[in-house]
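The sequence lines fix the lettering, A, B, ..., with proteins before strands; numbering per chain opens at 1.
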Amino acid sequence: MAAYNKKEIIQTLEHIAVYLEIKGENAFRVSAYRKAAQALERDERTIDEIGDPSKLKGIGKGTASIITELREDGRSSFLDELKEEIPSGLITLLSLPGMGGKKIGKLYKELGVEDAAGLRKACEEKKVQNLAGFGAKTEEKILKALDDFGKRPDRLPIAHVMTAVEDITGRLNEFTGINRFELAGSFRRGRETVKDLDFIISTFKPEEVGSQITMMDNIETIVSNGETKISLELAYPEGLIVPVDFRMVEDDAFATTLHHFTGSKDHNVLMRQRAKEKSEKISEYGVESAETGEVITFKDEPAFFAHFNLPYIPPEVREGYDELETKEADLALVETGDIKADLHMHTTWSDGAQSIKEMVEANRERGYTHMAITDHSKFLRVANGLNEERLKRQHEEIRKLNEEYSDFTILTGIEMDILPDGSLDFADDILKETDFVIASIHSAFKQDEETIMKRLETAMHNPYVAMIAHPTGRLIGRRDGYQVDMDRLIQTAAKTDTILELNANPNRLDLASEYVRKAQEQGVKIGINTDAHRFDMLTHMPVGVKAARRGWLKKDTVVNTWDVETLITFLNRNR
DNA sequence: GCCGTTTTCGGCCCGACTGTTTTCAGTCG
C-alpha cells in the first residue's frame, strides 16, 4: 500500500510547480511538473497499478523519482528544500489577479515580502511603486486585490450564471454592427461550473460594438478594454458578480476564434501540436502555413477539424484527453433532438406548481411522445407526498387523461423514498401497478457509506424499481451529497439492470459526467430527466444532455431516446 | 523538466491587454 495516494501525489507535484514559479524558475521547467501531475490524473489506474511512472508520457526521470519517493515515504525531499527557501505565505499571493511568479519573486527578493500582510504594508508605505517594472497603478491594483481577496468564489455553478447568459444574449441580439455571436468557453463545453463567460462576436465594426458593450447598465468593473477584447464584471441580483469576456473578430476568423476560446486549453495544445506536425500554426485568426505564410480560414468548426483529418469533435469532449484519437462513431453523442420523453417531474399532487393536465400539455409542446408523472411518496411529508390511496386516485386520473390522446402516452409513476432504515416507502403490490417507479434518497444524508449503499442496493434489487434518481444527492457548490461508493453503485446497476439518473437540474447534474461515462462502459442505462417542479424547469433538458455528452453518452444508452414501446418492454423485464 | 521517423540539443501553443516603458515584460486564457 502506497504511503501517498495518487491524489496526494498530484497535489504535491502542483505544489512544487507553484514554489518553482515563485522562485523564478524557467517556465517550461515549472510546467513540466504540472504536466506530470496531469499525466497521473489522466491515467485511470491507482498509483500502485501504474508501477513505473516514467513510462507515462510527460513523466521523465526527474518527476518519476519524486513520484516514487512520495509513493513510498509520503514526502519529497525536493519540496522540503523548496519550503526552506520560499516562505509559504507567498503561495496564496499567486491567486491575486495580475500577480504571477515573477512579480511575487521580485517583491520577496527586493522588499522581503513574505505574505499578504507584508505585501499590504509594502504597498501602504509606497515601496512597491519604486520597484523597476512596478508603478503607482500596480500598487493601487494590488491593494484593491488584497481588499477583495477571498470575497468571490473561484468558479460559479452554471445554475448561477444562466440568467446572465440570457441577459447578455438578449442584449447582443439588440446591438448594431454584429454579424453573429456565440458563447464559448467552459459554458459551451458544458462544465458544471465556470470562471467566466466568453462571447465571440463577428463584426466589421469593433469600435461600434465595443462602445455598446461598455455602455451596458450593469457594469460593476471594466477589467480591460482593448480594440478587440473587452473584459467586464457584470452585476446581477443577490450580489452576484459575473466576469464576462467579449472577443471581436472579422467573420472569416469566427470559426477559429470560436474554437480557440471554447478550449479547453489542453485541447488547444493538442490541436496546435498536430498542426505543427503539418508545418502549420493555429491561432484565433486561422491556420498559417509555415512555408508560405498564407493564413487559411474556415466557414465553421467542422471544416476546421476536417482540415486536420479529424471528425467534428463536440465541445463537450474537448478536454485534451484522447478526443483526437477517438473513432468517429464514438463521437456520435446523444443530442437534445433525440429526446422523446421526460420521465421525472412533479405536479400539484405533491410539491409541484402545475396540475397533471398542465404538465402534460407542456410536455406535448416540447415535442415529446411520452412522459411520466412522478410525484413524491408519503414519507416526504414536507413535499405533500402521496400515500397509497392518493396514488391510486392519481393513477385513475392519468389513465382517463391518457384516453384523450392518440399520439401521446402518459406513464403513471412515483418518486418513492428509500427510508433511513433501508426499507422502501411502498409495498410491491402498489409498485406493481405503477409504470415508472423511481427510488431516491431524501433523508439521513449523514449515514456512513455502508448504510447508504445498503439503502441504494435494496432499491436496485427490487424488481419494480426502474431508476435511481439523483444518485448522490449533491448540490453543485453547496453540498457534496451522501456517501456513495460509485464503483459499487455502477456495478449493482449493471447487475440489476437499473437505470441511473442524470438529473438535468443545473444545480444537481447528478450523476456527474465522469460517472455516467463509467456507467455506459459497463452497460448501465442512463435517464436524463428534469425533475421539474414548474413549467420552466422542463427547459433544463438541454443542460442535462450537455452533461451527458461530457460523459460521452450515446443515444442508445439514454432511455429517454427510446420509443414508448421499447421503454415499456424494458420496464416489464422483471415483472 | 521532457522529448525526439528533423533525437542528446533546442525547442516547448499563441496572442491580447496593461502598465511600464519608449520597445517590452508580465499575466492571462
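Across all strands, A/Thr228 comes closer than 4.0 Å only to sugar-phosphate atoms, never to a base (heavy-atom distances). Residue A/Ala136 is in sugar-phosphate contact alone, with no base atom involved, counting any heavy-atom pair closer than 4.0 Å across all strands shown. Residue contacts for A/Leu96: at a heavy-atom cut-off of 4.0 Å it reaches the sugar-phosphate backbone alone, with no base atom in range. Residue A/Phe261 is classed as having no contact, given no heavy-atom separation below 4.0 Å to the nucleic acid. Residue A/Met99 is in sugar-phosphate contact alone, with no base atom involved, counting any heavy-atom pair closer than 4.0 Å across all strands shown.
Of the candidate nucleotides B/dC14, B/dC17, B/dC3, B/dC14 has the atom nearest to the side chain of A/Ser283. Closest to the side chain of A/Lys57, out of B/dG1, B/dA16, B/dC3, is B/dC3. Side-chain proximity of A/Lys141 to B/dG19, B/dA16, B/dG1: nearest is B/dG19. Distance from the side chain of A/Lys102 is smallest to B/dT27 among B/dG29, B/dT27, B/dT18.
Ion pairing between a basic and an acidic side chain is recognised when a charged N comes within 4.0 Å of a carboxylate O; A/Arg45 and A/Asp43 show such pairing. A salt bridge is defined here as a Lys NZ or Arg NE, NH1 or NH2 lying under 4.0 Å from an Asp or Glu carboxylate O, and A/Asp245 with A/Lys195 fails to meet this definition. For the pair A/Glu85 and A/Lys109, the salt-bridge criterion is not met [side-chain N within less than 4.0 Å of a carboxylate O]. For the pair A/Glu284 and A/Lys229, the salt-bridge criterion is not met [side-chain N within less than 4.0 Å of a carboxylate O]. Salt bridge status for A/Glu319 with A/Arg550: present, with a side-chain N to carboxylate O gap under 4.0 Å. A salt bridge between A/Lys554 and A/Asp330 is present, with a side-chain N of the basic residue lying under 4.0 Å from a carboxylate O of the acidic one. Between A/Glu316 and A/Lys546 there is a salt bridge, since at least one side-chain N of the basic residue sits less than 4.0 Å from a carboxylate O of the acidic one.
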**Study point:** Check against side chain to side chain contact (heavy atoms under 4.5 Å, CB included), A/Arg120 and A/Asp147
**Key:** CA-CA 9 Å; A/Arg120 180 182 291 278; A/Asp147 286 341; 3.2 Å; yes
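Across all non-hydrogen atoms, the minimal contact from A/Tyr4 to A/Leu70 is CB-O, 3.2 Å. Here the closest non-hydrogen pair linking A/Val30 and A/Ala17 is CG1-O, 3.5 Å. Taking both residues in full, the closest heavy atoms of A/Val113 and A/Ala122 are given as CG2-CB, 4.0 Å, listed atom of the first, atom of the second, then distance.
In this structure, NZ of A/Lys55 is placed 17 Å from C1' of B/dC3, rounded to the nearest angstrom. Remark: C1' of B/dG15 and CG of A/Asp245 are 14 Å apart, rounded to the nearest angstrom. One interatomic measurement links the two molecules: NZ of A/Lys137 to C1' of B/dG26, which rounds to 16 Å at whole-angstrom precision. For the pair A/Gln38 CD and B/dC3 P, the interatomic distance rounds to 14 Å; values are reported in whole Å. Summarising the geometry, the separation between CG on A/Leu232 and P on B/dC17 is reported as 13 Å, rounded to the nearest angstrom. When rounded to the nearest whole Å, the span between CD1 of A/Ile200 and C1' of B/dG15 equals 13 Å. For the pair A/Glu25 CD and B/dG1 P, the computed distance is 7 Å after rounding to whole Å. B/dC14 atom P lies 12 Å from atom CD of A/Glu280, rounded to whole Å.
The aromatic rings of A/Tyr312 and A/Phe305 sit perpendicular, their planes meeting at an angle over 60°, well past the 30° parallel limit. Ring geometry for A/His15 against A/Tyr19 counts as tilted: the plane angle lies between 30° and 60°, on a 0 to 90° scale.
Taking atom C1' on both B/dC2 and B/dT8, the two are 12 Å apart, rounded to the nearest angstrom. Remark: the separation of the C1' atoms in B/dT20 and B/dC24 is 9 Å, to the nearest Å. Comparing B/dA16 with B/dG11, their P atoms are spaced 23 Å from each other, to the whole Å. The same atom, C1', is picked in B/dC13 and in B/dG29; the two are 12 Å apart, to the nearest Å. The same atom, C1', is picked in B/dT21 and in B/dA25; the two are 10 Å apart, to the nearest Å. Rounded to whole Å, the C1' atom of B/dG15 lies 28 Å from the corresponding atom of B/dC9. For the C1' atom pair drawn from B/dT22 and B/dT18, the interatomic distance equals 15 Å after rounding to whole Å. Taking atom C1' on both nucleotides, B/dG19 is separated from B/dT23 by 13 Å, rounded to a whole Å.
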Shorter than 3.5 Å, N or O on both sides, protein versus nucleotides 7-13 of chain B: list them out with atom names.
residue	atom	partner	partner atom	Å
B/dC12	OP1	A/Lys276	NZ	2.6
B/dC13	O2	A/Arg272	NH1	2.0

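One distance of note links CD1 of A/Ile104 with CD1 of A/Ile22; it measures 5.0 Å at 0.5 Å rounding.
At least one side-chain nitrogen or oxygen of A/Thr138 sits closer than 4.0 Å to the OP1 or OP2 atom of B/dT20.
Only A/Ser224, A/Asn225, listed by number, bring a heavy atom of residues 208-225 of chain A to less than 4.0 angstrom from any atom of DNA chain B. The stretch residues 104-121 of chain A has no heavy atom under 4.0 Å from DNA chain B, so no residue of it qualifies as close.
In terms of position on DNA chain B, the residue among A/Gly60 and A/Asp196 whose nearest nucleotide sits closer to the 5' end is A/Gly60. Between A/Gly133 and A/Arg247, the one whose closest nucleotide on DNA chain B sits nearer the 5' end is A/Arg247.
Of the nucleotides present, none pairs with B/dT8 by Watson-Crick or G-U wobble criteria with both distances under 3.5 Å.
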